[in-house]
2 protein chains.
Amino acid sequence: MDEDHTAVFAALAEPSRMRIVSLLRGGPLTVGQIAERLEIRQPQASKHLKVLQQAGLVDVEAEANRRHYRLRPEPFRELESWLAGYRELWNERFDRLDDYLRTMED
Amino acid sequence: MDEDHTAVFAALAEPSRMRIVSLLRGGPLTVGQIAERLEIRQPQASKHLKVLQQAGLVDVEAEANRRHYRLRPEPFRELESWLAGYRELWNERFDRLDDYLRTMED
DNA sequence: TTCGAATATTCCTGTAAAGGAATATTATGA
DNA sequence: TCATAATATTCCTTTACAGGAATATTCGAA
């Protein structure tokens, strides 16, 4: 339990990186395209992409001069399963289950 | 879109805070109980709880001397809905939808 | 009202990380 | 082989933040 999502959370805690991840939902993009759309300088884009890559959030495919970055599905699946451990906290169905269990206690 | 989950992600990116959140799944705990179970000093526990509180992840109920911290469901709901925006990236059902759409393109 | 338990806050220090600017690297096409 | 586009890396500076230690605060009980 608890695993190690800290790298993923840390990566997503930075606004530019969050925007990169959001951008990449539309499909792979090159470093230049990302820098342009986010209005940041290319070196910063490269640095952020490196962090995202080390966190496992993106991977790269090289094509000639360019590098196409794209989202990896795995960390999102892991986030979902991590979040599932908290589902009883907020999920309506679990609320009803709680009510039911409380009823049983009487 | 994108909203502002950065405070939540930043809060969860710290291992001790992640452990506090995990601990609190079992129900509200006092600062002292948290410090004891995590084997950290009380001031650090208080500081981490402050960060968690400012991120909206926990709230407090004062009872005499003690303060009971507990998880708030809202940020977890928001995480879930944020994550939903990425579901087509990893969800099997969406994969099948993709296949279907590609078929339509021929 | 004073004491002690529980908690919060402050001050200090070290460290990690972000942005800017410059430079290095890599691959393509002429 | 050279020039150029695309990207990565390095160096520097500034800032944010975590932990430690000490201290302040708050509340209930005697």
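Each chain gets a letter, A, B and so on, in the order the sequences are listed, and its residues count up from 1. Just so you know, these numbers use all the heavy atoms, side chains as well, and skip hydrogens, waters and symmetry mates.
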**Q** To the nearest angstrom, how far is A/I40 atom CD1 from C/dG19 atom P?
**A**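 Rounding to the nearest Å, CD1 of A/I40 and P of C/dG19 are 8 Å apart.
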**Q** What is the ring orientation for B/H5 with B/W82, classed by angle as parallel under 30°, tilted 30 to 60°, or perpendicular over 60°?
**A** tilted
**Q** Using a 4.0 Å cut-off on heavy atoms, which residues in residues 47-66 of chain B reach DNA chain D? List them by number, or say none.
**A**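 Within this stretch, B/K47, B/H48, B/A64, B/N65 sit under 4.0 Å of the strand.
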**Q** Determine, for B/F76 and A/R87, whether the Lys NZ or Arg CZ falls below 6.0 Å from the six-membered ring centre while staying within 45 degrees of the axis.
**A** no
**Q** Name the one of A/H68, A/Q53, A/R70, A/R72 that satisfies side chain to side chain donor-acceptor pair (under 3.5 Å) with A/D59?
**A** A/R70
**Q** Starting from the 5' end of DNA chain C, give me the residue, A/A10 or A/R41, whose nearest nucleotide shows up first.
**A** A/A10
**Q** Examine C/dA6: is either OP1 or OP2 under 4.0 Å from a nitrogen or oxygen in the side chain of B/Y69? Give yes or no.
**A** no
**Q** Just how far, in rounded Å, is P of C/dA16 from CD of A/E14?
**A**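 Distance check: A/E14 CD to C/dA16 P gives 18 Å.
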**Q** Between the main-chain N or O of B/R66 and the side-chain N or O of B/E63, is there a donor-acceptor pair closer than 3.5 Å?
**A** no
**Q** What's the CD-C1' distance between A/E39 and C/dG20, to the nearest Å?
**A**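 Between C1' of C/dG20 and CD of A/E39: 17 Å.
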**Q** Output yes when at least one side-chain N/O atom of B/T30 is less than 4.0 Å from OP1 or OP2 of C/dT7, else no.
**A** yes
**Q** Can you tell me how far the CZ atom of B/R41 sits from the CD atom of B/E36, to the nearest 0.5 Å?
**A**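 B/R41 atom CZ to B/E36 atom CD measures 14.5 Å (nearest 0.5 Å).
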**Q** Mind calculating the distance between CD (A/Q44) and P (D/dT7) to the nearest angstrom?
**A** 15 Å
**Q** Starting from B/V60, can I reach B/L57 by hopping between I/L/V/M/F/W/Y residues whose side chains sit under 4.5 Å apart?
**A** yes
**Q** Expressed in angstrom and rounded to an integer, what is the separation of B/E36 atom CD from C/dA5 atom C1'?
**A** 14 Å
**Q** Which nucleotide in the list C/dA21, C/dT7, D/dT7 gets nearest to the side chain of B/R67?
**A** C/dT7
**Q** Could you give the CG-to-C1' distance, from A/L12 to C/dA18, as a whole number of Å?
**A** 17 Å
**Q** A/R77 versus A/S81: any side-chain heavy-atom pair under 4.5 Å?
**A** no
**Q** Look at the side chain of A/Q42 and decide which nucleotide, out of D/dA21, C/dT7, D/dT7, has an atom nearest to it.
**A** D/dT7
**Q** Starting from C1' on D/dT7, measure out to CD on A/Q33 and report it in whole angstrom.
**A**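 Between C1' of D/dT7 and CD of A/Q33: 13 Å.
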